[in-house]
Amino acid sequence: VTGAASGFGLETTKHLLERGDNVVATDIKLDGLADLKSKFSTDRLLVQKLDVKSNQDIADAFDAGIKNFGKLDVVFSNAGYGVASELEGLPEDLARSLFDVNFWGSTAVGRAGVKYFRESGNGGRVLFTSSMLGIMTFPIVGIYNSAKHALEGYVQTLASELDPKWNIKLTLIEPAIFRTGAVVNTIPVPIIPAYDRPDVPSAAIRQLMSNPNIGNDPAKGAKQIVRVAELEQPPLRLALGKDALAMIEAQLTGVLAGLKEYASWSDDLEFDA
């Protein structure tokens, strides 16, 4: 589990330990795992520092987990964070840094999981924390939206490339807003003057994000994440939260409506005989 010191990573780790599973819990900062580490011995819980931007850290974490437990069955690529800014005012260095974690880091962990499961011959499950914002979008978190959209395309392609005989199953977890701390811990960027008005579209999302009490229960969400990993034929995508279901459905309905409305524009585009 990456990003295991908080949010879905921590709640999933807790649930797995409570039901008797063994866990390799990793994060770039390990303070949030101190309580669990004091309660469980290393034959149940291995805590490992991991920066998902480092291929060496990823390899070391896999090696440590396999050495400690003998094998791995599921990889949960979960690390990530948010930045709040209209895209016009977002500094490029912050945008690139987010992609380094939320896209490149997430896919590097997932790719390492695929390689391990393929070479072991045992198969396995790789879960990726995406978001409903990997399908639709909100204003103000555009670079987060973009990274999740990229992740969705990457994982769908990766899944299509796997030989079914390898028995490696990939699932994108697409949560709605959950009370994981991710919203309130989103990094704010100063607003450029043109957008610093109550009537612009991003104002409502800023107001929403200022409420620490919004969102679903992450402990309940974590149980569903573990549940999907146990399915013989898990879905490529799992939306979690009724608001995610409604918003994703609305997005896809709108896409389909647009296709139908302008379908005639594709008539007679073939080469003439």
Side-chain angles (χ1 to χ4, degrees), residues 1-17 21-83 94 96-120 124-131 144 147-148 150-151 154-155 158 168 170-173 175 180-182 185-187 218 221-222 225-226 229:
V1 180
T2 63
S6 62
F8 277 126
L10 181 58
E11 294 299 338
T12 301
T13 298
K14 287 179 180 177
H15 179 56
L16 289 166
L17 291 168
D21 294 303
N22 301 328
V23 184
V24 183
T26 73
D27 210 311
I28 192 169
K29 296 180 180 179
L30 301 177
D31 295 350
L33 290 164
D35 183 56
L36 288 177
K37 188 176 180 180
S38 70
K39 294 177 180 177
F40 293 91
S41 62
T42 54
D43 63 340
R44 294 287 320 286
L45 172 66
L46 178 65
V47 174
Q48 177 91 8
K49 186 175 185 297
L50 192 162
D51 180 351
V52 297
K53 301 189 300 297
S54 167
N55 288 330
Q56 189 60 58
D57 276 13
I58 294 170
D60 289 347
F62 272 81
D63 289 345
I66 295 162
K67 181 179 179 181
N68 197 70
F69 295 120
K71 65 168 186 163
L72 303 174
D73 299 309
V74 180
V75 172
F76 183 20
S77 184
N78 168 70
Y81 68 97
V83 172
L94 292 183
R96 290 182 179 275
S97 294
L98 183 141
F99 255 79
D100 283 343
V101 174
N102 290 20
F103 177 72
W104 292 113
S106 179
T107 57
V109 171
R111 197 165 58 249
V114 165
K115 181 181 179 182
Y116 165 71
F117 292 134
R118 177 178 55 77
E119 292 181 343
S120 73
R125 304 289 183 266
V126 185
L127 312 179
F128 298 82
T129 296
S130 180
S131 169
Y144 182 88
K148 295 303 186 184
L151 180 65
Y154 186 102
V155 173
L158 180 59
I168 302 170
L170 312 183
T171 297
L172 288 151
I173 310 298
T180 60
N185 291 324
T186 293
I187 298 170
I225 292 170
V226 172

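Closest of all the heavy-atom pairs between Ser130 and Pro175 is O-CD, 3.5 Å. Listed here is the closest heavy atom pair of Val24 and Gly65: CG2-CA, 3.6 Å. When all heavy atoms of Lys148 and Ser131 are compared, the closest pair comes out as CG-CB, 4.1 Å.
Ser77 places no side-chain N or O within 3.5 Å of a backbone atom of Phe128 that could act as its donor or acceptor partner. Panel note: side chain Tyr81, backbone Leu98; a donor-acceptor pair is recorded below 3.5 Å. Judged by distance alone, the side chain of Thr2 and the main-chain N or O of Asn78 form a donor-acceptor pair under 3.5 Å. In terms of modelled atom types and a separation under 3.5 Å, the side chain of Asp27 and the main chain of Ala5 share a donor-acceptor contact. Between the side chain of Thr12 and the backbone N or O of Gly9, no donor-acceptor pair lies under 3.5 Å.
Rounding to the nearest 0.5 angstrom, the gap separating the CG atom in Leu36 from the CG atom in Leu30 is 12.0 Å. Within the model, atoms CG of Asn102 and CG of Leu151 stand 8.5 Å from one another, a figure rounded to the nearest 0.5 Å. Taking OG of Ser106 as the start and CG of Leu172 as the end, the distance is 8.5 Å to the nearest 0.5 Å. To the nearest 0.5 Å, atoms CG (Asp35) and CZ (Phe40) are separated by 9.0 Å.
Look at Lys29 and Asp31 and you find no salt bridge, because none of the NZ, NE, NH1 or NH2 atoms lies under 4.0 Å from a carboxylate O. Between Lys67 and Asp63 there is no salt bridge, since no side-chain nitrogen of the basic residue lies less than 4.0 Å from a carboxylate oxygen of the acidic one.
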N/O donor-acceptor pairs under 3.5 Å from side chains in residues 107-118, not counting sequence neighbours:
| from | atom 1 | to | atom 2 | distance (Å) |
| --- | --- | --- | --- | --- |
| Thr107 | OG1 | Phe103 | O | 2.9 |
| Thr107 | OG1 | Trp104 | O | 3.1 |
| Arg111 | NH1 | Tyr154 | OH | 2.9 |
| Tyr116 | OH | Leu72 | N | 3.0 |

Listed pairs under 3.5 Å, donor-acceptor, residues 42-50 side chains, sequence neighbours left out:
| from | atom 1 | to | atom 2 | distance (Å) |
| --- | --- | --- | --- | --- |
| Asp43 | OD1 | Ser41 | OG | 2.0 |
| Arg44 | NE | Asp21 | O | 3.4 |
| Arg44 | NE | Asn22 | OD1 | 3.2 |
| Arg44 | NH2 | Leu17 | O | 2.9 |
| Arg44 | NH2 | Asp21 | O | 2.8 |

**OP:** Show your reasoning for whether side chain to side chain contact (heavy atoms under 4.5 Å, CB included) applies to Val1 and Phe8.
**Re:** CA-CA 10 Å; Val1 180; Phe8 277 126; over 6 Å; no

**OP:** Under the side chain to side chain contact (heavy atoms under 4.5 Å, CB included) rule, what do Asp57 and Val52 come out as? Steps first, then yes or no, please.
**Re:** CA-CA 7 Å; Asp57 276 13; Val52 297; over 6 Å; no

Original post:
Could you go step by step and tell me if Val101 and Lys53 meet the side chain to side chain contact (heavy atoms under 4.5 Å, CB included) rule?
Top reply: CA-CA 6 Å; Val101 174; Lys53 301 189 300 297; 4.0 Å; yes

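Side-chain contact between Leu170 and Leu158 is present, with heavy atoms from C-beta onward closer than 4.5 Å. Contact of the Thr129 side chain with the Phe76 side chain is registered, since non-hydrogen atoms from C-beta on lie closer than 4.5 Å.
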